[in-house]
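Only one structure is covered here, and it is reproduced in the block below.
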Amino acid sequence: MSGGFAGVDVGGGGIRVQIESGGESAYGEDTAPVPRDRGRVDLDRLAARIAAVVEDAIRASAPAVPARFAGMAVGVTGLPGLVRDPETLWRALGERFGLGALVVAGDMVTTHVGALGFQPGVVVAAGTGVITLGTDLDGVWNQSDGWGHLLGDHGGGAWVGMHGLQAALRAHDGRAGGSAPLLERLTARFGHPLDLVALVYESASPAHHLASFAPSVADAARAGDPVARDIWAEAGRQLGQTAVAAATGLDPVFSWGGRLFDAADLLMEPFQSTVRALLPGARFAPPRGSSADGALALARAAAGGEVRPHHPYLYVFAASRSRTGAEAAPPPPRTR
């Protein structure tokens, strides 16, 4: 068995892989939407895509990086809630890559570890959607938001994109509250508004298309459009409220992760000021790394037997146990 490790980040914007072995590194990416079946993450198709990205990364770096790993960790969007059977990934990937151990966790867990290491605190994971985890990785597990683009994910990429598109369509109709600059960007990206309607409503992943407009909303905001700037300011406030809601029982240290924070110039001030207003004494720690970095750290720790399962957020599978069983589940964690 190799001593290599693989960290996999599965978000609304695709799959990112980091591999580490003997001082060598490899990277891979797949930007297609996460495969779904009636809303749930389709783990069979996802496993095939993860394997393809890992194998492509190995081939691109051969012969330095082996095809077998002591540990792998997958941080996947939709866990908990939209992932039916995490063991599917163990069955599909364990033997294929000779895994000593596999961690399957929500991407909020890998984002948390990437941002804060294994230290307690609150981390906002914001990409296509939003989910916040406040945890000490032991007895405190507070989730806030993560309810999907129809029920929640307030302030996330799909939320920003949706509000930007709504403002663009208001301008198209001549209704109050519209934004001509956003309408111009809608047309440039999607064509006629009717083309946009067909794309979104016929899509298996509408949140992906909504979030794809968030960079255009950022461009308009930076160019001075007040409607776009207000959307981003409200997104920051929403993220701040979500962060504070997950802080119960923890030292008030806050960090963040996810591609939405590429717009930090628009998000950070309303985010941090909202947190401070609601929780005086809050401290902020810039993220040490990404969700993929967190997955890689979990893979290393799992190979050494240092990761305990915390269902429904984190599952551990090990070759030293039966091929059909994970670590025994601990008592249900506290959630918010």
Starting from the C-alpha separation in whole Å, work towards a yes-or-no answer on side chain to side chain contact (heavy atoms under 4.5 Å, CB included) for D138 and R308. CA-CA 9 Å; D138 185 15; R308 293 182 56 227; 3.8 Å; yes
Where do V103 and T110 land on the side chain to side chain contact (heavy atoms under 4.5 Å, CB included) test, with the steps shown first? CA-CA 10 Å; V103 173; T110 51; over 6 Å; no
Kindly compute the distance separating [atom1] ([X]) from [atom2] ([Y]), expressed to the nearest 0.5 Å.
X: D44; Y: R49; atom1: CG; atom2: CZ; answer: 13.5 Å
X: R68; Y: S21; atom1: CZ; atom2: OG; answer: 13.0 Å
X: L183; Y: D173; atom1: CG; atom2: CG; answer: 9.5 Å
X: L102; Y: E87; atom1: CG; atom2: CD; answer: 10.5 Å
X: H154; Y: Q241; atom1: NE2; atom2: CD; answer: 10.0 Å
X: Q119; Y: H112; atom1: CD; atom2: NE2; answer: 10.0 Å

4.5 Å side-chain heavy-atom contact, [X] and [Y]:
X: P206; Y: Y201; result: no
X: L296; Y: F5; result: yes
X: L210; Y: L165; result: yes
X: M108; Y: Q143; result: yes
X: V227; Y: H163; result: no
X: M268; Y: F284; result: no
X: V124; Y: F271; result: yes
X: P193; Y: F190; result: no

On a heavy-atom basis, which atom in [X] and which in [Y] lie closest, and how many Å separate them?
X: I131; Y: D145; result: CG1-O, 3.8 Å
X: V160; Y: A235; result: CG2-CB, 3.8 Å
X: L250; Y: A246; result: CD1-O, 3.9 Å
X: A70; Y: A303; result: O-CB, 3.7 Å
X: V275; Y: A282; result: CG1-CB, 3.7 Å
X: H149; Y: A158; result: CB-CB, 4.2 Å

So, does [X] use its side chain to make a donor-acceptor pair with the main chain of [Y] at under 3.5 Å?
X: T135; Y: V140; result: yes
X: R229; Y: A221; result: yes
X: D219; Y: S216; result: no
X: D9; Y: A292; result: no
X: S144; Y: T242; result: yes
X: D153; Y: G156; result: no
X: S205; Y: A207; result: no

[X] with [Y], same ILVMFWY side-chain cluster at under 4.5 Å:
X: V200; Y: L169; result: yes
X: V122; Y: L116; result: no
X: V54; Y: Y27; result: no
X: V109; Y: V253; result: no
X: L239; Y: V123; result: no

Please report the C-alpha distance between W90 and V74 in whole Å, then the side-chain angles of each, then the deciding distance to 0.1 Å, and finally whether the side chain to side chain contact (heavy atoms under 4.5 Å, CB included) criterion is met. CA-CA 10 Å; W90 171 245; V74 180; over 6 Å; no
Between H192 and H172, how do the two ring planes meet: parallel, tilted or perpendicular, split at 30° and 60°? perpendicular
Run the side chain to side chain contact (heavy atoms under 4.5 Å, CB included) check on R222 and D265 step by step: do they pass? CA-CA 9 Å; R222 293 179 182 121; D265 57 317; 2.8 Å; yes
R91 bridged to D85 by N-O distance under 4.0 Å: yes
Residue pair N142, T248: steps toward the side-chain hydrogen bond (donor to acceptor under 3.5 Å, both in side chains) verdict: CA-CA 7 Å; N142 301 329; T248 302; 4.9 Å; no
